[in-house]
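What follows is a single structure, written as structure tokens, with notes after it.
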Amino acid sequence: MAEPFSSTNTEPPAVEVVGLGKNYGPVKALDSVNLSIAQGGYTVLLGPSGGGKTTLLRLLGGFIRPTAGKILLHGRDVSGLPPNQRPTTMVFQSYALFPHMNVEKNVGYGLKIQKKTKTDIAASVERILSLVGLEGYNKRMPHELSGGQQQRVQLARSLVLERDILLLDEPLAALDAKLRKDMCIELKRIQEKIGITFVHVTHNQEEAMTIADRIAIIADGKIVEEGSPREIYERPQRKFTAAFVGENNLIEGKVINVNGDGLTMDAGFAELAAITKKQASVGSEIAISIRSELIRILDGNDGQAEGVQKIPATYLEEVYLGLTTMHLVRLPNGVEVAVRRISDDDADFGGTAGQEIIVGWNREDAGVHTD
Amino acid sequence: MQDGFMNIWLYRLGWTYVLFIVFLLLAPVLYIVYISFNEYTFGARIYEFTTDWYTLILADKILVASLKWTGFLAVGVMATAVPMGLLAAKFYKSTRHKVAFVTLMLSPLFVPADIMGSALLIYFKNINHAVEAFGAFLGVTWFHGFLQLGFTTALIGQIIYTVPYAFIVILITMSRYRDQQTEAARGCGANAWQAFWQVEFPQIKVGVFSSLAFVTILSFNEATRTALLKGGFDTFPNVLVSQMLNIGMSGESYAMAGIMAVVSMVFIGSIIIITLIRARGIERKFQPKAEPNPIN
């Protein structure tokens, strides 16, 4: 059974899945997944499209039936229960508002199902619309709202039910970049205010980094890695995570030496040393990853420092990205590597295509991936 | 003309062609209406305008009785074929084998009316014989005339004929409905029936009502299967056919045929126009607006 995701207390986790699988005919959308999510946190399921993250979310919501395994919500097995009998509610990517109901009726729909009085419904709707910043929109019809506003109404419709677990399926994917950023912060603010468990699916790593307390990387129907955003970004354990999150440069090779502090890898064109506590045997295939912002184009003085790994490379081109500028260089084995620098600090660098240069990084900045 | 490249005269020619075809299809119906206002009905050399045939309809006992039976059948068809079509359309959305399902659903339409009618006739007669024989074996008379030709058999024949149409009409509206709304309702605590009735049905009701209207008109127009399966009563189309084959249509029949033709066309035309307007409205509704009132 998986360790609770971010909890040290004795309460059962908000979400626990054990050996969860889902097949669509011969296709395994989810393959024996174990995951535990503590109460009251903001967890993001991050991964490439088709990786199984939405399938996992829909299984949690009860919209599809698992092929194998168990789903426990607050310690109770809900695997066979329909959505309306689970302590979950869901926010969908496509706004999924009821077009024949105004904002007030959309938001109060679940309360009406619960047979709450009209006065109670009106009061709850007012309170929740205020929370999502939509006061005064009660009588508007969904088609009179913008995408961002529709998504807020959807969020309000879920939050008003005061369920313990809110599932969000790519809720910001249909919004433009500016609105997505604003909504990310808004979602985080709301989650912190009401303190329930949010499980949010996205393929957008910036979105994940902005809102998550914990991130679970999902690919090929499996949980690849779990951790805090900082752990996932700065110290990815798996090669897949390093390749998927951030802008890591991966260099593959064979271990030729292992010592107490780390190991040395033969990359074919150079011997690269890395500091790691990971176990790797001599002769095994590994990869090291270095984030693009941690690689430097060295001049004569840089290279003299202790603990710096240096390798020769050929300069290719410069790509200006606003705040940062990316320099592409090619290593002797043909692998292209990205070097990212703050644009303001980059004004004096004048690399030309084909120029032979030296790139390097601090050895403790390199991650080692055995799988 | 949407791309702006099409020759304007070619475009107008296209419309002329469409209107010509429509006129060609409607001309016989308009001719019936024309005759129904003639004092001397069909075949006379003189045309004298009158509305007498219309006022005499209610005095024609055969015509009134046949209209009554036609009405009963139509109500029966509405009450059964439309719910069946709705269930089929719901199932269509959930099945992965959509082509096979549609082919099966529409298959009754590929069988000619007289063949379907005779097949059902034989089928019902055989069932009737078998059940009566079973009753005789048991020594009871309860099963006597179990499935004798009559209202029930005529109704079954019409249901088989109209269910595919009901299915298609509902499916057209239903295809615009987003299933995520049902999931959203379920997520809000609604059970399957509440989600259907409170969220899905209001959005597909135009299709359901169109389907009701459509099967009613189909039922009123159906003659061949009903003639073979009706037993001892007559429907309006059967009376018309019978008159035509034996003594020629009466003036009242022309008047009644004219009323039905015009009502059907107006009805169907209205349904098509309302459905198109609604469909465009729904498309517009699902187009989110650009942020008109930034909140932050």
Side-chain angles (χ1 to χ4, degrees), chain A residues 24-25 58 61-63 82-86 88-101 106-114 132-137 141-152 154 157-158 160-161 163 166-167 169 174-176 178-179 182-183 185-186, chain B residues 90 93-101 173-210 274-275 277-296:
Chain A
Y24 292 106
R58 290 172 62 75
F63 298 108
N84 53 316
Q85 290 174 28
R86 297 189 181 203
T88 56
T89 182
M90 185 132 155
V91 172
F92 296 88
Q93 177 182 349
S94 66
Y95 310 118
L97 294 180
F98 310 137
H100 56 295
M101 297 182 195
N106 262 283
V107 175
Y109 179 74
L111 299 176
K112 195 178 155 201
I113 295 286
Q114 290 173 10
V132 299
L134 281 179
E135 302 99 324
Y137 283 70
M141 295 304 283
H143 67 274
E144 294 173 318
L145 302 173
S146 70
Q149 288 165 342
Q150 289 193 32
Q151 205 55 294
R152 282 165 196 263
Q154 218 198 150
R157 187 174 64 187
S158 296
V160 78
L161 299 172
R163 300 257 176 91
L166 179 65
L167 309 171
D169 184 13
L175 306 180
D176 63 55
K178 166 80 172 72
L179 201 55
D182 292 346
M183 280 293 287
I185 295 161
E186 190 77 2
Chain B
K90 287 283 288 174
K93 290 200 85 173
S94 62
T95 182
R96 283 192 293 152
H97 309 289
K98 293 194 185 319
V99 175
F101 184 72
T173 321
M174 207 182 248
S175 63
R176 293 174 184 276
Y177 175 75
R178 299 180 181 196
D179 290 328
Q180 277 198 338
Q181 289 177 26
T182 298
E183 293 185 343
R186 300 295 309 273
C188 286
N191 60 33
W193 168 251
Q194 286 170 323
F196 170 73
W197 187 243
Q198 293 165 353
V199 175
E200 183 171 4
F201 186 76
Q203 297 180 62
I204 62 163
K205 66 183 176 194
V206 172
V208 175
F209 292 142
S210 303
I274 291 168
T275 308
I277 290 170
R278 289 259 325 171
R280 284 185 187 161
I282 288 170
E283 270 169 17
R284 271 202 302 275
K285 279 184 182 181
F286 278 112
Q287 208 91 61
K289 293 199 176 332
E291 203 76 11
N293 297 309
I295 299 161
N296 291 318

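A, B, ... follow the sequence lines: proteins, then strands. Residue 1 opens every chain.
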In terms of heavy-atom proximity below 4.5 Å to chain B, should Thr88(A) be classed as side chain, backbone, both, or neither? backbone
Relative to chain A, which segment of Glu200(B) carries a heavy atom at a distance below 4.5 Å: side chain, backbone, both, or neither? neither
Is Arg157(A) close enough and on-axis enough to Phe98(A), meaning under 6.0 Å and within 45°, for cation-pi? yes
Distance-minimising heavy-atom pair for Met101(A) and Pro142(A): O-CD, 3.0 Å
Examine whether an atom of Ala192(B) lies under 4.5 Å from a heavy atom of chain A, and if so say whether it belongs to the side chain, the backbone or both; otherwise answer neither. neither
Assign the ring pair Trp197(B) / Trp193(B) to parallel, tilted or perpendicular, where the plane angle (0 to 90°) is split at 30° and 60°. parallel
Do Glu183(B) and Gln180(B) meet the criterion of a side-chain donor-acceptor pair at a distance under 3.5 Å? no
Which one of Arg86(A), Lys112(A), Arg163(A), Met90(A) has the most heavy-atom pairs closer than 4.5 Å to chain B? Arg163(A)
